[in-house]
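Model, not experiment: these values are computed from the prediction. Chain identifiers are assigned alphabetically (A, B, ...) following the order of the sequence lines, protein sequences preceding nucleic acid strands; residue numbering begins at 1 within each chain.
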Amino acid sequence: MHIKIKEREIEMINEALREIQRGSAEIIDNERVEKLLKAYFEEGKTYTVKAGFDPTAPDLHLGHTVLLQKLAIFQKYGARVQFLIGSFTATIGDPTGKNITRKVLSKEDIVKNISSYTTQAFKILDESKTDIVYNDDWLGNMSAADMITLASNLTVARMLERDDFSKRFKSNTPIATSEFMYPLLQGYDSVYLKSDVEIGGTDQKFNLLMGRQLQKAYGIKKQQAVLMMPILEGLDGVQKMSKSLGNYIGVSDTANDMFGKVLSISDDLMWRYYELLSNKSLDEIAALQQGVYDQTLHPKKVKEDLAFEITARFHSNEAAQNAKAEFEKVHAKSQIPTDIAEFTASEDIWICKALVDCALEPSTSQARRDIKQGGVKIDQIKVLDDKSQLTIGEYLLQVGKRKFAKLKVN
RNA sequence: GGUGGGAUAGUCAAGUGGCCAACGACGGCAGACUGUAAAUCUGCUCCCUAUGGGUUCAGAGGUUCGACUCCUCUUCCCACCA
């Protein structure tokens, strides 16, 4: 009897481990994770998992949700999540991934970003198992002496080993001294919070390891395990998903946008998204891949399923269903979409001006070019003359395949 | 603090007195094609009711008929030396 329970327990732990490891790029101190899970299954002991978020942008995108989904898995297996808002560190700007010194955010901007940020995060995370913490609560009160003590834990040579610093150094891109403080402060967060596990992107490796080093230096017996998730590529499939590059799918995107954006990724990238974003098991995904390979499954169908799953997660099944129908309508059958922004004009208006006013074109010059190339339609008919005027009436304006607006001229 | 080098459109990067609204690459937009907003191919890519006009090459002055190109100062960046 006793042995049987034991067996089941081991099985559960292994199952949990598999889920936690899925899609991860690297786990440092896997043993620690195993022990934490064991303690949870045997004694119901909880533990903490820290993840830092930079409130520099008010919106989360799918790149962030890769981490959030992983955190949710941890919550399923006994973790309390320390949802760390880098309210202090954001004022420095982490250099990661950007080869230019990031501009510093004001406190007001940060506060403004946070509430929308957390609302979005709780679409995935279990709020009752999450502690939101702000690092200026402890970093903000550090004295200069404390800072210097902290800084003495790291040598310049070691700092320069960090990939992006060394790249910037070699290519003569400026590095502000304050940027050196960033990994130290992030590491110190782990000291203060006594985190058991920290998760982050692979680009955070240096910072994550700094947490372990500092925990040791500050006398914490068991150092945090570190789990790194790969960086999700953006829609272009090359660069990491980021708002500033414009290659992102936002959590708060409309269902239609979300569906369409997922469908626009390349077939190769689709598998990557499946692995990191889908809740399908790895076996199921492998089967899909095999199906596409044998040509028994159409890649578009497979991609649609992914788009559906993701859209439904952030909206609803129904919304996803509608988005799918809408997409078919607009793109596959090139019909006009259901919801179109409406504008009015109070007098006769020049077509180019109208396109600019309806936010379909950035400038009248661009409008002219598109008209010349046959990219502009009024009521489904190509506009040939870039000098034409719109008189009283209602018009359906279209630029390219997917920009629409209704204009009413009075 | 000293010496030398640099700053060009969304990004990277040519251009060293007129032929420059400025080569090229990437990105972006449009067209064709397609299972898609994928891939591929083609065109476009400062603004302006435009076969013309206006404003650009870090900023401010200056030389010149004429400056992105030469001179002076300012700001910022980099390297070497301290």
Side-chain angles (χ1 to χ4, degrees), chain A residues 97-101 103 165 167-177 179 233-240 242-250 253-274 291-292 295-308 310-311 323-337 345 347-357 359-377 382-391 397-404:
Chain A
K98 310 212 171 170
N99 291 340
I100 42 166
T101 310
K103 63 167 174 284
F165 278 143
K167 267 189 202 140
R168 283 166 62 185
F169 194 67
K170 277 181 196 140
S171 67
N172 296 342
T173 313
I175 303 171
T177 309
E179 293 182 68
E233 290 85 353
L235 299 175
D236 53 55
V238 181
Q239 288 187 277
K240 80 175 208 180
S242 91
K243 180 139 188 164
S244 53
L245 292 172
N247 61 353
Y248 69 102
I249 301 177
D253 277 358
T254 64
N256 285 346
D257 273 352
M258 212 178 256
F259 192 90
K261 281 182 183 174
V262 175
L263 219 53
S264 82
I265 63 175
S266 71
D267 291 355
D268 283 344
L269 187 60
M270 162 170 82
W271 300 117
R272 182 89 172 140
Y273 277 35
Y274 255 111
V292 169
Q295 303 195 348
T296 52
L297 268 176
H298 199 293
K300 190 187 175 197
K301 169 80 173 72
V302 179
K303 207 183 287 179
E304 271 177 352
D305 289 349
L306 177 67
F308 189 91
I310 291 173
T311 308
K324 186 176 173 180
E326 182 78 3
F327 189 88
E328 285 290 316
K329 185 177 165 192
V330 177
H331 301 289
K333 299 180 185 156
S334 36
Q335 292 174 348
I336 49 175
E347 56 189 346
D348 289 7
I349 188 167
W350 175 42
I351 174 68
C352 292
K353 187 84 173 51
L355 293 170
V356 174
D357 286 353
L360 297 177
E361 294 280 19
S363 70
T364 56
S365 299
Q366 181 65 43
R368 273 165 189 278
R369 281 181 221 119
D370 284 340
I371 289 173
K372 280 193 189 116
Q373 297 190 103
V376 175
K377 290 180 185 167
K382 256 184 209 170
V383 177
L384 302 172
D385 181 11
D386 64 4
K387 290 198 181 75
S388 58
Q389 292 281 331
L390 299 181
T391 51
L397 308 177
Q398 179 183 1
V399 176
K401 289 183 184 107
R402 53 186 217 270
K403 282 181 287 187
F404 292 88

Engineer: Closest approach of Ile351(A) and Asp385(A), non-hydrogen atoms and distance?
Structural biologist: CG2-O, 4.2 Å
Engineer: Would Asp305(A) and Lys301(A) pass as an ion pair if we require N to O under 4.0 Å?
Structural biologist: yes
Engineer: Between A13(B) and A7(B), how many Å separate the two C1' atoms, rounded to a whole number?
Structural biologist: 13 Å
Engineer: Rounding to an integer number of angstrom, what distance separates C70(B) and G6(B) when you compare their P atoms?
Structural biologist: 10 Å
Engineer: Should A7(B) be called syn or anti, with syn set as within 90° of 0?
Structural biologist: anti
Engineer: Take Lys353(A) and Val356(A), measure what side chain to side chain contact (heavy atoms under 4.5 Å, CB included) needs, and give me the verdict at the end.
Structural biologist: CA-CA 5 Å; Lys353(A) 187 84 173 51; Val356(A) 174; 5.7 Å; no
Engineer: Can you tell me, in whole Å, how much space there is between the P of C73(B) and that of G54(B)?
Structural biologist: 33 Å
Engineer: Sticking with atom P, work out how far A25(B) lies from G43(B), rounded to a whole angstrom.
Structural biologist: 11 Å
Engineer: Under 4.0 Å between any heavy atoms, over every strand shown, what does Lys401(A) touch: base, sugar-phosphate, or nothing? Just pick one.
Structural biologist: base
Engineer: Taking atom C1' in both U56(B) and U8(B), what distance in whole Å separates the two?
Structural biologist: 10 Å
Engineer: Counting heavy atoms from C-beta on, name the nucleotide in U49(B), U36(B), C44(B) closest to the side chain of Trp350(A).
Structural biologist: U49(B)
Engineer: Give Lys353(A) one of three labels, base, sugar-phosphate or nothing, depending on what nucleic acid heavy atoms sit under 4.0 Å from its own.
Structural biologist: nothing
Engineer: Looking at RNA chain B, which of residues 360-370 of chain A put a heavy atom within less than 4.0 Å of it?
Structural biologist: Ser363(A), Thr364(A), Ser365(A), Gln366(A), Arg368(A), Arg369(A), Asp370(A)
Engineer: With Glu304(A), which residues qualify under side chain to side chain contact (heavy atoms under 4.5 Å, CB included), at least two apart?
Structural biologist: Phe259(A), Leu263(A), Lys300(A), Lys324(A), Glu328(A)
Engineer: Rounding to an integer number of angstrom, what distance separates C46(B) and A9(B) when you compare their P atoms?
Structural biologist: 13 Å
Engineer: Can you list everything that forms a side chain to side chain donor-acceptor pair (under 3.5 Å) with Lys261(A)? Sequence neighbours excluded, please.
Structural biologist: Asp253(A)
Engineer: Does a distance-only test, which skips hydrogens and angles, find a donor-acceptor pair under 3.5 Å between the side chain of Gln389(A) and the base of U49(B)?
Structural biologist: yes
Engineer: Heavy-atom distance under 4.5 Å between the side chains of Trp271(A) and Val302(A), does that happen here?
Structural biologist: yes
